[in-house]
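As structure tokens, the structure follows; a few thoughts come after it.
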Amino acid sequence: MAEFGDCADGDQMDDQAAIHVEDLHKRFGSMEVLKGVSLTARPGDVVAVIGGSGSGKSTMLRCINLLETPTSGRISIQGEAYDLRTTRSGDLEIADRQQVQRIRAHLGMVFQSFNLWPHRTVLGNVTEVPVHVLGVSREEADARAKAVLERVGLGDKLDAWPAQLSGGQQQRAAIARVLAVEPLAMLFDEPTSALDPELVGEVLSVIRALAEEKRTMILVTHEMAFARDVATHVVYLKDGRIEEQGPPEQIFGAPSSPHLQQFISSVT
Amino acid sequence: MAEFGDCADGDQMDDQAAIHVEDLHKRFGSMEVLKGVSLTARPGDVVAVIGGSGSGKSTMLRCINLLETPTSGRISIQGEAYDLRTTRSGDLEIADRQQVQRIRAHLGMVFQSFNLWPHRTVLGNVTEVPVHVLGVSREEADARAKAVLERVGLGDKLDAWPAQLSGGQQQRAAIARVLAVEPLAMLFDEPTSALDPELVGEVLSVIRALAEEKRTMILVTHEMAFARDVATHVVYLKDGRIEEQGPPEQIFGAPSSPHLQQFISSVT
Amino acid sequence: MTEGIDFSLLALDAPGWGGALLTGFLRSVELAVGGYALGIVIGIIGAIAKLYGGRVTRDLAEIYTIIIRAVPELVLMLLFYYVGTDLANRAMQAMGYAGFDVNGLTAGILVIGLVQGGYATEVLRGAIRAVPRGQIEAAHAFGMSPAKVLTRVTLPAMTPHAIPGMANLWMIATKDTALLAVIGFSELTLVTRQAASATREYFLFFISAGVLYLILTLVSNYGLRRFEKHARRGMDAAR
Amino acid sequence: MPDIDIATPLAPASAKTMLHGLRGFFLPHRIAMALIALAALAAMIAYMDWSWLPAYLPRLWSGLGMTMIMLVASVGIGFLFALPLGLAQVAGPWPLRWMSLGFCTVVRGTPLLLQMWLFYFGLGSLFAQFPEIRESWAWPYLRQAWPYGLIALTVSFAAYEGEVMRGAFAGVPAGELEAARAFGMSRGKTFRRVWFPRALHRALPTLAGEIILQLKSTPLVATITVTDLYAVITRVRQSTFLTYEPLLFLVAVYLCLSGALTIFLRWMENRIPSGG
Amino acid sequence: AETYKVGISAEPYPPFYQPDSQGNWSGWEIDFIKELCDRIDAECVVTPVAWEGIIPALNTGKIDMIIGSMGITPERAKQIAFSDKYYDTPTGVVALKTSDVQPTPEGVKGAYLGTQSGSIQENYVSQYFADSAADVRIYQTLDEELQDLSAGRIDAVVGDALAMQPFVDSDAGQACCEYRGAVENDPDVLGRGVGVGMRQDSTELLAKVNAAIADIRADGTYQKLSTPYFGDVDIFGE
Ligand SMILES: Nc1ncnc2c1ncn2[C@@H]1O[C@H](COP(=O)(O)OP(=O)(O)OP(=O)(O)O)[C@@H](O)[C@H]1O
Ligand SMILES: Nc1ncnc2c1ncn2[C@@H]1O[C@H](COP(=O)(O)OP(=O)(O)OP(=O)(O)O)[C@@H](O)[C@H]1O
Ligand SMILES: [Mg+2]
Ligand SMILES: [Mg+2]
């Protein structure tokens, strides 16, 4: 199992880290949403991020693949730091688009609101990236997509349009879309919010299998039981700061921060 | 506490029923999604609908307020049956729009995908219906909306646009939008999917308070603990049929159908 | 005014004007297709420049659309055909090359294309803005290059929003060809006017031209509706 | 999908920065552009022949007035017709749907010039044949040309904008309308409170273009003897035989009009940062 | 021999020039062009250009001469060079029989007048008649004016007497309207007849053209050209 620490761990650790975030700040207008978040995940780690609504979990994930440019901070993926430059107004901006693109291709993301492409069928959504970004052949991509969709239980919805899917089916399609890409690291934003307990168990086993292949995952979740079962490491975010982190046993068994204690006690 | 039965209960019971659904069928093209669902909820009842993804839960809710016209079946709200007529192609269609509109104004709905109106602020979303459907004065509606938003923890987001909200904030805004209407009966489609445990507890207490005011609720949920705590009655939907229903103690304590047993056992 | 209409005036052969009208019509279509295609290309570039470009690009695109849309096509045509070619000719002669003459068709396609491009920029910009942000973000998140995001997600997703506006532009393109009359290029409108005043049968020839235009519209409408249906498939249509 | 957000990730608040605050106007490249424009303007004023301008100024003013009346009236009235035309095609019962579809197709499918000509020379001279009409109070208006021009322009704008509104109505996500319906909003209310504002916002970028196109269609009224700005300019050209100066003047006026229009509509569009 | 492109208006102006459906142009001026070009020993290509763009076309070298019934006015003479006139016809007024319009400023008081856009008659009307007339309508073609006249929407048309003659003689014309005579001439406005337009630097060509026109007029060819179109009327004027 991996060790976790924050930014101070030095370079040697960084090299091995799959995802490394250092002193991340993000503000929207006058509101500071992230107030210095640091986080490291090594290959095979499953980091669960928990925290109240609006605490900045989604924003953090979106910063990691630079969908949101941080106000300040350093992010590196597989040891490679994003090349950001400071604009005249003092914000950061992307300096090297190619690099960002290259990194993103190895970083899968499941969105909180799924964001399926409505103009492609389920199968089309899943084969899109393999065929058009990774250059996999159409047949191979189709076969792989079918297998992945089968695995999430959508084998009979290949030709359905996203608008015809139930909420859970959309979420599973979004998960399948990421799995088909086989990225080295994955960001899941509440990947089980629309799923029933059976399917949650399914997703859990998928994530475990991925972790065994040494893929790295950061997942935001509201289901504490799920976090406890799946995570190698749990991070509790509170108002844009990491208030507590550690292995799940510690976080759920012996939380030290009073906020976290209250947060966990409210699990009904 | 209320009694539940299916359609055969006769007229006297129907009169008291807040929501009564009888032999509801719904097909999309060649696929039959609901295969004869019957359900009754009396004032003050909280009916939790559980079931696998794609089992037809959302479709059922959407049929109850006629967003989806059933293929066949009878639905009555507060003892008043929807006036439906059969088209030449054999489907049902709305015969009396005014009636549907009138009924809907007493039937709140929280959508699985929230469906906030992006062209209005959070406050605007919440006051929209009171002011423009119910004819409440602007000041009164504002005051009430602010109270409701405060209650769901969005007191500081009154002037934010939906697109600026986190997932959980959007969901809470959607809940507030319904609460502000004070409908007699409410339909919730996974109202806590994007909420953290603390907020789930919050919503739970809101629902309990509403039930005490003798309001009726049907809610779809994937969180079994939540269903157990909040429901007076639980319905297990499987492939478009009600496979089992009863009080929560029975459903979660001593499920008889093997499917349900498996479904519940997978709660991690 | 209309008594005794002589339909033999529409005959295809020599004394009749039918053949001339049809030739003019074909030339109009040729011009419209060329100009429209050029307009779409310019429009896509312009919309992207406006939405994603840097400050300078954005301002340049803004100036382009404001000016090109504000200037009447007739003026553009005059400026381009007379001043533009004159300057270009002089420049080339000064550099020792032979002069050249822009033919009417090229000038027409260029001017119509430039004008259409100005409008198309705005139509496409609006359509792109109508695409939910999440869908485009998802494409970025998978490491698609900007070009890929554009061709695989943004353009197909915005197509249904763009079609009505672009259909209008096509209708306008077919009729804008009339401004080529300024340089004496004989497309449908000019031929119609010539026929009308040569025979004094204004009513007959204007109606005939109207019918030709209408046929073109009906045919292209059919195509466009089918295309729109195709582009919209799977998307939830508001009822 | 829970929400629609049209702001694109890579260009945050693009147009907003253009309008908000004067600071945006004094970026170096903007100053450079402004200088170039000023230089060009100065060169035009200095080296071209503008001696005709004072003599024609009163006529130019009244021409501009006519152009503006034609534009504003036809856009205003035309838009009122465009709404039902667009809506009927999306949600109307079939007879209405086919009628509005037919109307839009025929009007958009034939040249405005031809329509104008039909209204004025066709319809207009038809009226003249009835003594009852010639004796009536309406004749002083019917013998004028501008009513026919206005009708033709209005009809044309209604048809083109109807098509745009059709697309805009069809593009509003169903979920937002469902939410309105689920709260018991009547069809009219759903339309007024949700469908229409959302569709309008979608149509705005195109609307500016359509209005400017309409501005450029107004010169066609000159062919049926209405003296608009373009007719005055033509008159200047034909009596002075200056090729470019009057046209450049026309361009300048049209530029001001459409620039003002663009800025106004862009402002409307940006008033709702998250709309779409 | 040299080759010249001779511009005419793409809008027909019968009987001076009009196309048939094959795009072949014929008419009095077309015959005149042939004759003129023979005399100056040149190949001429008749090039229809929209009236809007005809002066720019000349000045940018897309055509070399304009022989399209262009009146010689002082304003135009600032832009291009004109030969001597080769024809000249009076400006007259055709009016509704029911109206009492006369071809004088007082005679058009309260009347709706029609005139053709871009013509010398338009200039004349705006200078002499605009103040007293109720309204002046500017039409694109003479035909449209006459049509509106017979429909009774205007009271009188001010136009080229020669061009209006066929209408006045026609059944429709005789039913509604009559010729009320020519207006008082003002050469500064109505011009000094119709001439050949050339670039101002084409002095050599100008001399040759002037000589040729004089020749054509002098040796009777002019009469021969005109008879088929105008019979006995001499369109050269005084
Ligand atoms: N418009 C539609 N066209 C075709 N099929 C549809 C449509 N809407 C729903 N379905 C199908 O109907 C079935 C039931 O959908 P529904 O949304 O009711 O499921 P659900 O029980 O709410 O599932 P979830 O828990 O995943 O939200 C699904 O298989 C779905 O694919
Ligand atoms: N584009 C934006 N503009 C302004 N504020 C924003 C924007 N996006 C997010 N926010 C604010 O930032 C805060 C954090 O949002 P974020 O989406 O990261 O929360 P979250 O932790 O994911 O919450 P949830 O569990 O509800 O999804 C919220 O208060 C939200 O209102
Ligand atoms: Mg979130
Ligand atoms: Mg559902």
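Lettering of chains follows the sequences in order, A, B, ..., and the numbering in each one begins at 1.
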Picking from D:Ser258, D:Ala208, D:Pro111, which has the most non-hydrogen pairs under 4.5 angstrom with chain C? D:Pro111

Below 4.5 Å, heavy atoms only, C-beta onward: do C:Tyr213 and D:Leu114 meet side chain to side chain? no

Run the side chain to side chain donor-acceptor pair (under 3.5 Å) test against C:Glu187 and tell me which residues pass, sequence neighbours left out. C:Thr189

Residue part contacting chain C, namely of D:Met33, when any heavy atom lies under 4.5 Å: side chain

Report which part of D:Arg108 has an atom under 4.5 Å of a heavy atom belonging to chain C: side chain, backbone, both, or neither. both

Can you find a pair of side-chain heavy atoms, one from C:Ile207 and one from D:Leu118, that are under 4.5 Å apart? yes

Region of D:Glu210 in contact with chain C, defined by heavy-atom distances below 4.5 Å: side chain

Turns out that what part of D:Thr262 lies under 4.5 Å from chain C's heavy atoms comes down to side chain

Report yes if some heavy atom in the side chain of C:Arg225 is under 4.5 Å from a heavy atom in the side chain of D:Leu101; otherwise report no. yes

Under 4.5 Å from any heavy atom of chain D - which part of C:Ile68: backbone

Honestly, the part of D:Leu213 sitting under 4.5 Å from a heavy atom of chain C is both

Residue list, ring-ring contact (aromatic ring centres under 6.0 Å, His included) with D:Tyr120, at least two apart or on another chain: D:Tyr148

